[in-house]
Amino acid sequence: MSLTFHWFLPTNGDSRHVVGGGHGTPVTAAGGDRPPSIGYLTQIARAAEDLGFTGALTPTGAWCEDAWLTTAMVSRHTERLKFLVAFRPGFVSPTLAAQMASTFQRQSGGRLLLNVVTGGESHEQRAYGDFLDKDARYARTDEFLQIVRALWDGGTVDLAGEHLRIEDARLARVPDPLPEIYFGGSSPAAGEVAARHADVYLTWGEPPAAVAEKIAWIRTLAAKEGRTIRFGIRLHVITRDTSEQAWAEAQRLLDGFDPETVAAVQAGLARSESEGQKRMLALHGGGRDGLEIHPNLWAGIGLVRGGAGTALVGSHTEVAERIAEYHRLGIDEFVLSGYPHLEEAYWFGENVLPRLAAQGLWAHPTPTTALSTSASRTPSDSTPADAAAQPAAQVPFAGSRTPRWPSPRDGARAP
């Protein structure tokens with residue numbers, strides 16, 4: 001089975017430094033270095049598409065732009081890339097969500113994937129008018145997905161649940177193909193929902209032993225439901241020509257973490273109700289020492305960012321080896337990101353993906369139109385492709401579909 005790779009659309013802003021945010025914490029000042037304009041996000045999406053990523057995750061929450069609207073606009077400037085749209089089922093009716101997904105599939109040519117986020121922070125949920133506690137939110141998600149699945153199957157749905165009630169609901173047009181559902185969570189309630197409804201179970205980047213335990217747990221629950229589930233992992237990545245260069249970049253990012261910001265972010269995340277977030281915090285304990293928690297797995301990102309807080313750091317060969325290690329556990333999909341997201345997409349796509357292809361672990365989705373790649377090429381070696389569809393004034397790096405930028409080695413800040 002060929003591995004599947006997704007990139008990330010930073011709808012909270014981008015930078016040559018780590019942009020914090022998520023799980024109830026505000027976006028750090030670095031998020032203003034490259035605002036999340038449609039022009040810039042389109043550059044990232046087109047780069048990911050050309051390099052061979054299958055899709056791009058777009059987050060959800062008060063700390064970023066709306067995922068549905070943003071991806072709908074970016075999709076018009078891409079051709080093949082799918083969009084893994086994160087959304088919270090408590091904020092919209094299940095019938096409307098099923099209709100929105102159906103419309104997105106038709107208008108995008110079948111390029112929607114859904115990342116269902118139940119919501120781990122009650123104080124943020126209440127800001128949107130949702131006053132259920134965590135366990136009740138998972139129970140509602142279960143009912144929500146039951147309704148959505150039934151509507152996508154073309155039936156007329158009546159349900160009087162504990163949290164949701166609909167009568168005589170039906171879609172005029174069902175989506176084709178059905179959007180796959182990605183779902184994560186480390187609590188017992190999350191596992192039960194994943195077993196019943198998820199096509200892909202997502203975990204954040206914990207050490208392999210912990211990931212193996214999660215996979216075994218979900219597989220057992222899914223088997224009781226008569227289902228099989230694929231598995232994916234969410235990681236950041238810092239890959240360079242040598243291990244020394246990669247770890248120097250990780251150190252540069254770490255040196256940019258203001259102690260007051262780290263303290264404030266950690267205090268906010270300590271209030272999180274999310275079991276996954278608690279596991280992320282336990283990996284680093286809020287300190288700067290011992291952050292390499294497994295060979296080439298670095299927990300430094302989690303000092304200033306909620307949610308996914310670990311990165312694969314190393315030479316291109318080492319990063320490929322760690323990906324193969326996770327794959328041997330049962331991980332088939334990788335949702336990756338890096339700072340800045342435009343440059344890091346090229347570092348990974350032009351250097352790690354060819355190594356995985358040489359091992360028979362990955363193939364470009366459209367090899368006849370793929371950009372010429374080399375296992376030794378770096379982003380500063382890239383050449384422009386066709387002209388960008390966005391007006392130059394909207395795009396930080398104007399004038400080419402594969403943009404030129406200052407070398408990642410020179411330390412310059414983005415415009």
Side-chain angles (χ1 to χ4, degrees), residues 8 10-36 59-64 119-124 127 186 203-207 210 233-240 245-314 335-341 343-344 408 411-414:
F8 185 84
T11 56
N12 54 326
D14 203 3
S15 176
R16 293 182 181 271
H17 300 274
V18 176
V19 180
H23 280 258
T25 61
V27 173
T28 55
D33 290 348
R34 298 186 189 178
T60 185
W63 55 287
C64 57
E121 318 307 330
S122 291
H123 67 283
E124 187 177 15
S186 299
T203 179
W204 285 327
E206 299 181 34
I233 192 167
R234 172 79 180 93
L235 289 157
H236 305 276
V237 64
I238 303 172
T239 180
R240 295 294 185 270
Q245 290 171 348
W247 284 108
E249 176 64 10
Q251 186 62 49
R252 185 190 69 81
L253 293 175
L254 184 63
D255 290 343
F257 296 172
D258 178 80
E260 289 75 21
T261 298
V262 171
V265 170
Q266 292 302 299
L269 294 177
R271 297 191 294 268
S272 174
E273 301 168 33
S274 164
E275 288 300 318
Q277 184 62 71
K278 292 175 183 177
R279 292 166 73 107
M280 284 284 102
L281 293 178
L283 295 178
H284 55 69
R288 295 173 182 253
D289 298 324
L291 292 175
E292 188 178 7
I293 56 176
H294 181 78
N296 306 111
L297 184 63
W298 185 60
I301 301 292
L303 292 174
V304 295
R305 186 191 192 279
T310 54
L312 295 179
V313 181
V335 184
L336 306 175
S337 55
Y339 299 96
H341 290 75
E343 286 90 328
E344 289 297 335
R413 293 295 293 271

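Just so we're clear, the structure is a prediction, and the values are computed from it rather than from any experiment. The residues of the chain are indexed from 1 along the displayed sequence.
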Is there side-chain contact between [X] and [Y], with heavy atoms separated by less than 4.5 Å?
X      : Y      : value
His236 : Arg305 : yes
Gln266 : His284 : yes
Glu292 : Trp247 : yes
Cys64  : Val27  : no

Measure from the side-chain N and O atoms of [X] to the backbone N and O of [Y], and report whether any donor-acceptor pair falls under 3.5 Å.
X      : Y      : answer
Arg252 : Asp255 : no
Arg288 : Leu254 : yes
Glu206 : Met280 : no
Asn296 : Val313 : yes
Glu124 : Ala62  : yes

Checklist entry - For Glu121 and Ser274, does a side-chain donor sit closer than 3.5 Å to a side-chain acceptor? => result no
Next on the checklist: Side chains of Ser337 and Glu344: any donor to acceptor distance under 3.5 Å?
Outcome noted: no
Nearest non-hydrogen partners of [X] and [Y], listed with the distance:
X      : Y      : value
Ile301 : Ala311 : CG1-CB, 4.2 Å
Pro207 : Leu283 : CD-CD2, 3.9 Å
Val18  : Val304 : CG1-CG2, 3.5 Å
Gly22  : Leu269 : O-CD2, 4.0 Å
Pro36  : Pro10  : CB-O, 3.6 Å
Pro340 : Arg16  : CG-CG, 3.6 Å

Between [atom1] of [X] and [atom2] of [Y], what distance do you get to the nearest 0.5 Å?
X      : Y      : atom1 : atom2 : value
His341 : Arg34  : NE2   : CZ    : 10.5 Å
Leu303 : Thr261 : CG    : OG1   : 11.5 Å
Arg234 : Thr203 : CZ    : OG1   : 12.0 Å
Ser272 : Gln277 : OG    : CD    : 5.0 Å
Thr310 : Trp204 : OG1   : CH2   : 10.0 Å
Leu235 : Leu312 : CG    : CG    : 4.5 Å

Checklist entry - Would you call the rings of Trp298 and Phe257 parallel, tilted or perpendicular if under 30° counts as parallel and over 60° as perpendicular? => result parallel
Checklist entry - Should Arg240 and Glu343 count as an ion pair when the cut-off is N to O under 4.0 Å? => result no
Checklist entry - Taking the six-membered ring for Trp, are the ring centroids of Tyr339 and His17 within less than 6.0 Å of each other? => result no
